[in-house]
Amino acid sequence: MAEKFGQMLLAIVVLVAVVGVLLFLASLARGKRGDVVRSLFFVGPTIVLVAVGLVWPTILTIVQSLRGASGSGALSFTNFATIFTRDDLRQSIGNTAIWVLLVPLLAIAIGLLYAIIVDRTPIEAFAKTLIFLPMAISMVGASVIWKFVYEYKPTLAPQIGLLNQVLKSLGFETQQFLVNGPWNNLFLIIVMIWIQAGFAMTVLSAAIKAIPDEIIEAAKIDGASGWSLFRFITLPSIRSTLVMVLTTIAIAALKVFDIVRTMTGGNFGTSVVANDFYSASFTQNQPGLGSALAVLLFVLVSPIIIYNVKQLREAY
Amino acid sequence: MSAMVPVVEAGGRAPELSSGARRRRGNGAATRTTSSPLATVVAILIATVWTVPTIGLLITSFRPQRDISTSGWWTVFANPDFTLDNYAQALSGSGSSSMLDFFVNSLVITIPSTLFPLAIAALAAYGFAWLQFPGRQWLFVAVFALQIVPLQVTLVPLMQMYGAIGIDGTYWTVWISHTIFGLPLAVFMMFNSIRELPPALIEAATIDGANPVQVFLRIVLPLATPAIASYGIFQFLWTWNDLLVSMVFLGGSARVAPLTVYISQLSGSRGSAWYLLSAGAFISMVIPVVVFLVMQRYFVRGLTAGAVK
């Protein structure tokens, strides 16, 4: 244990030394071109790290995805053909699509509804913390929590899973929620919604609070109230925030891995693209296929990147 | 991998957050449906659904092993019976590896993985915001855009690189990886607040003879502390809660793997050992939940920065 903390301290010392050297070198820069030299030391480390750690690996992975299942053959599109013809992989793509569709929509709907309801109530801060707290829990922890809610026992046995107890009390047969397809996907998706609704709620709530009073007063004088106030004032005012939340949660849902891995291991028809990527790359020894799945994720994310870069370039 | 990647909003800059709240005090509420009893019922319903699963598992973690498998946790209200045995067993573990090892691993992984990107991104954010150099805007947009590269695309090549330089299987792999993965968002968030600093302040310091490095250390860093802190909390929660990166680079051994990997293994191999799983899950949650509750204000500020115009 002491040895581990020793390594950690060493790492921190290395960091301090590196930053110290960078700042010292930057302070030596003089003259008209000083800023250019200084920027090498300020911006340089980040540029080098992302170039070596993000850009270059992405290029390598794209190349590898074109070299057959083993990742070393001649250039071809075999891996991509495999993805779209193998039934289990096609199912993963379908599942991923359902995740990307349902998680943002439901998380935002619940988050928005809740933000509006608890807005300015005396217990607002506490009520929000309750919903927001799952954000702090790892997806692994959340999976354990919900696996317990879904725990199955035969109908006649005493139940320890809450949901089956509810079913039993209502006179229904108990269910194997995580095994019976296709509904098991939905029960996994609920876990992600449980985590993300707090994020949606927090950001949307801040946006709602930022709507200037004058606008609302004016709308009220014009006779707007309740639903129409929401529909014609609140919603348009937070539109850009809604888009941002939608984007963020959609990306998270696209790459979801931990929940599926921990709750079903991708069995019973619940696998998703990110889980297949892991299996192909690290357990089934098909790095080429794994790379192709990773590239597929990248392709699916890219429209969102392009949209956001456009927004950023307009802003500056 | 956690999902907290606030994508840039049009406008991009971090707003003065309190101003929204300040502006909107008075009688005009954007959405006054609060008074309806139906709304109250819905709110309570949502809050219950969100809270009960966690409470159920928490109660379970304090019940005797035999009780857990024979009766539902909700029966404790009728006949309470609590114990700390599950926690003792989870921590002492079986054979050579105990949960304590994984806990230490989590700490050792998370602390440098938080400090590294904070330091490097603070340098870069200052550079992008206040230094003049060719290609500044393009490089900044490029770094920003890299925010959304899926980690999956980078893992296999990174693993080969780490192997080539001989650090595979060590903490360095996750420290470096988390730093790289965190940088785009870190630079972006800090840039937003560092750029907002009044130029007059920096000019004044320059006239007083401070060079850019001194300006960075004495003016920019102290003033940007809230933004740096709020990103720090993000990065801390993110790396503490990470499963994928650790699984890929560190494997599953008690020597280096973090708690998430351990819990995930436990969940797979001993899916019905609820006395271990429930206690283990809560041990893994203690630190992030405490950090979250204590630093909630900064965390929320980080989330909503750039989201609200």
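Quick note on labels: first sequence line is chain A, next is B, and so on, each numbered from 1.
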**Item:** Exercise: identify the closest heavy-atom pair between B/Arg255 and A/Lys4
**Value:** O-CE, 3.1 Å
**Residue pair A/Leu60 / B/Thr154, side-chain heavy-atom distance below 4.5 Å** = no
**Fill in**
Cut-off 4.5 Å, heavy atoms of chain A, and the answer for B/Val108 is both
**Prompt:** For A/Val36, is it the side chain, the backbone, both, or neither that has a heavy atom closer than 4.5 Å to a heavy atom of chain B?
**Reply:** both
**Request:** Name the member of B/Trp130, B/Trp240, B/Trp172 that forms the most heavy-atom pairs with chain A at distances under 4.5 Å.
**Result:** B/Trp172
**Asked** Are B/Phe299 and A/Phe132 near enough that their ring centres are under 6.0 Å apart?
**Response** yes
**Message:** Quick check against the 3.5 Å criterion: does B/Asn241 have a side-chain atom that pairs as donor or acceptor with the backbone of A/Ala136?
**Reply:** yes
**Item:** Gap separating the CZ atom of A/Arg261 from the CD atom of B/Gln265, nearest 0.5 angstrom
**Value:** 11.0 Å
**Request:** Examine whether an atom of A/Leu113 lies under 4.5 Å from a heavy atom of chain B, and if so say whether it belongs to the side chain, the backbone or both; otherwise answer neither.
**Result:** side chain
**Prompt:** If you round to the nearest 0.5 Å, how far is OG1 of B/Thr70 from CD1 of A/Ile160?
**Reply:** 9.0 Å
**B/Met161 versus A/Trp56, closest heavy-atom pair with distance** = CE-CD1, 3.4 Å
**Taking every non-hydrogen atom, the tightest pair across A/Val140 and B/Ser264** = CG1-N, 3.8 Å
**Message:** How long is the straight-line distance from OH of B/Tyr171 back to CE of A/Met8, given to the nearest 0.5 Å?
**Reply:** 10.0 Å
**Minimum side-chain heavy-atom gap A/Ile12-B/Ile111 below 4.5 Å** = yes
**Item:** Atom group of B/Ile44 that falls short of 4.5 Å from chain A, counting heavy atoms
**Value:** neither
**Request:** Against chain A, label B/Thr170 side chain, backbone, both or neither, depending on which of its atoms sit under 4.5 Å from a heavy atom there.
**Result:** neither
**Complete:** When the 4.5 angstrom heavy-atom criterion is applied to A/Ala127 and chain B, the contacting part is neither
**Prompt:** Can you say whether B/Leu293 sits under 4.5 Å from chain A via the side chain, the backbone, both, or neither, judging by heavy atoms?
**Reply:** side chain
**Fill in**
Turns out that what part of B/Leu100 lies under 4.5 Å from chain A's heavy atoms comes down to side chain
**Region of B/Val291 in contact with chain A, defined by heavy-atom distances below 4.5 Å** = neither
**Message:** Less than 4.5 Å apart, side chain to side chain, heavy atoms only: is that true for A/Val14 and B/Phe116?
**Reply:** no
**Fill in**
Of B/Leu57, B/Val153, B/Ile233, B/Ile180, the largest count of non-hydrogen pairs under 4.5 angstrom with chain A goes to B/Val153
**Message:** What I'd like to find out is whether the side chain of A/Phe257 reaches to under 4.5 Å of the side chain of B/Leu244, using heavy atoms alone.
**Reply:** yes
